[in-house]
Amino acid sequence: MIERARQAGLALQATFENEFTLARRDGERYVPIDRSPCFSTIGMDSATPVMIDVIDALIAQGVYPEQYYAELGPGQQELPVRFTDALRAADNQVTMRDTVRGVALTYGLLASFAPKPFPDEAGNGSHIHFSLWRIKDGKNHFHDPRGRHGLSDAGRAFIGGVLAHLPALVALTAPSVNSYRRLQPRFWSSAYTAWGPDNREAAVRVPSTRRGLEMESTNLELKPCDPSSNPYLALGGLLAAGLDGMARTVDPGEPTLVDPDTLSDAERARRGIRRLPTSLGEALDALERDEMLRASLGEMLGKEYLTVKRSEVRGFEGKDVAFEIAQHFYKY
Ligand code: GLU
Ligand code: MG
């Protein structure tokens with residue numbers, strides 16, 4: 001997909017905005033390290049020693065954290081790292097997950113990147129922040145100072161492509177049974193194929209740019225991505241969907257400024273907003289029907305991916321929530 005973009009004179013820059021849960025052993029089970037309120041210094045106090053070591057270890061490996069804070073959920077942390085070219089961004093994601101887990105272990109803690117570690121609490125996302133750059137003049141292809149929300153026509157069409165393919169794309173970006181417990185309204189993770197400026201309930205958010213750095217900082221954010229995803233497939237699928245949108249000049253429709261869950265069914269239908277799949281099985285059905293994404297994966301990978309993931313779905317049939325959570329909590 002990187003090569004496909006290069007042939008169009010473009011290069012993707014990206015990063016994953018990771019969230020994860022720090023937990024400690026309590027008898028047979030793990031419990032979050034704290035019950036701190038959202039974004040609180042109390043949460044930072046309990047996690048700071050381990051987080052300082054995580055940050056040092058990442059910097060030593062050339063992965064640069066940009067900010068750190070204690071997130072909404074109990075024991076939940078957020079640590080976004082600096083964007084880079086697409087392949088390196090995927091490599092960094094692997095480094096990031098292993099480094100966080102490894103450093104946590106030295107404190108006797110378990111770091112979990114499970115999409116929904118506790119059923120009623122905030123999930124762990126790894127929103128993809130991305131922008132597309134022109135190779136010939138080094139400019140941000142998503143940016144147009146005269147465009148609405150500072151977006152170029154290409155940026156709008158890229159969003160259009162992502163939204164058109166999103167029910168199938170989430171089979172790659174939210175690829176676990178547990179992922180669909182996360183993709184619910186009012187958890188800032190998105191649940192509908194909507195987009196909007198600074199809309200935290202939209203699947204594609206257009207974040208505000210930095211004053212004086214509008215061209216440089218224009219980027220898009222894909223929310224329905226979680227850290228149980230294979231970052232190579234997630235970024236490849238995202239790029240395939242966006243490039244397809246640009247090739248077909250897909251209109252993303254009007255931006256949504258409210259939580260799309262608060263709109264009536266009729267209003268959502270009028271705007272072309274669809275509910276995202278509510279289970280991995282549904283997402284796999286959508287991927288199976290999406291010829292462009294399957295062709296982009298290639299015949300063998302597309303077929304094998306569906307086979308392996310379908311067997312995973314079967315492995316959870318008839319099992320309860322506790323089983324599902326435990327399987328993901330420890331594996332990711
Ligand atoms: N925890 C949210 C999620 O599951 C994201 C929160 C945020 O916007 O950083 O995607
Ligand atoms: Mg967050």
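Note that these values count all heavy atoms, side chains included, but never hydrogens, waters or copies made by symmetry. One-based numbering, in listed order, for ligands and for the atoms of each.
- Looking only at its N/O/S atoms, E19 has OE2 as the one nearest to the Mg ion (ligand 2).
- Results of the salt bridge (charged side-chain N to carboxylate O under 4.0 Å, His left out) test with E121 over R181, R35, K116, R182 single out R35 as the only residue that passes.
- For the pair G123 and ligand 1, the shortest N or O to N or O distance falls below 3.5 Å.
- Remark: minimum distance from atom 4 (O) of ligand 1 to any protein heavy atom is reached at R182 NE, 2.8 Å.
- Near F187, meaning under 4.0 Å from any of its heavy atoms, are these atoms of ligand 1: 2 (C), 3 (C).
- Of all the listed residues (E201, Q184, E221, E19), E19 holds the heavy atom that lies closest to atom 1 (N) of ligand 1.
- In this pair, F130 and F158 present their aromatic rings tilted. The plane angle is within the 30 to 60° band.
- Close approach of ligand 1 to K223 (heavy-atom distance below 4.0 Å) involves ligand atoms 8 (O).
- Checked against N124 for a side chain to side chain donor-acceptor pair (under 3.5 Å), the options Q76, E71, E19 give a single hit: Q76.
- Residue-ligand proximity, E17 to ligand 1, at heavy-atom distances under 4.0 Å covers atoms 9 (O).
- Residues W188 and I128 do not share a hydrophobic cluster, defined by chaining ILVMFWY side chains whose heavy atoms lie under 4.5 Å apart.
- For ligand 1, the atoms sitting less than 4.0 Å from at least one non-hydrogen atom of E71 are 6 (C), 7 (C), 9 (O), numbered in the order shown with element in parentheses.
- Atoms of ligand 1 lying under 4.0 Å from at least one heavy atom of E78, given by number and element, are 9 (O).
- Within E78, the N/O/S atom positioned nearest the Mg ion (ligand 2) carries the name OE1.
- For ligand 1, the polar-atom distance check finds an N/O of H127 within less than 3.5 Å of one of the ligand's N/O atoms.
- Using cut-offs of 30° and 60° on the angle between ring planes, the pair F20 and F113 is tilted.
- Counting non-hydrogen atoms of other residues, nucleotides and ligands closer than 6.0 Å to CD of E3 gives a total above 12.
- Transitive grouping of hydrophobic side chains (ILVMFWY, heavy atoms separated by less than 4.5 Å) keeps Y30 and L109 in distinct clusters.
- Between Y69 and ligand 1, not a single N/O pair is under 3.5 Å apart.
- For A14 against A89, the heavy-atom pair with the smallest separation is O-CB, 3.3 Å.
- Ion pair D137/R134 flagged as a salt bridge, since at least one NZ, NE, NH1 or NH2 atom sits closer than 4.0 Å to an Asp/Glu carboxylate oxygen.
- Nearest N, O or S atom of E71 to the Mg ion (ligand 2): atom OE2.
- For N124, no nitrogen or oxygen atom sits less than 3.5 Å from a nitrogen or oxygen atom of ligand 1, counting backbone and side chain alike.
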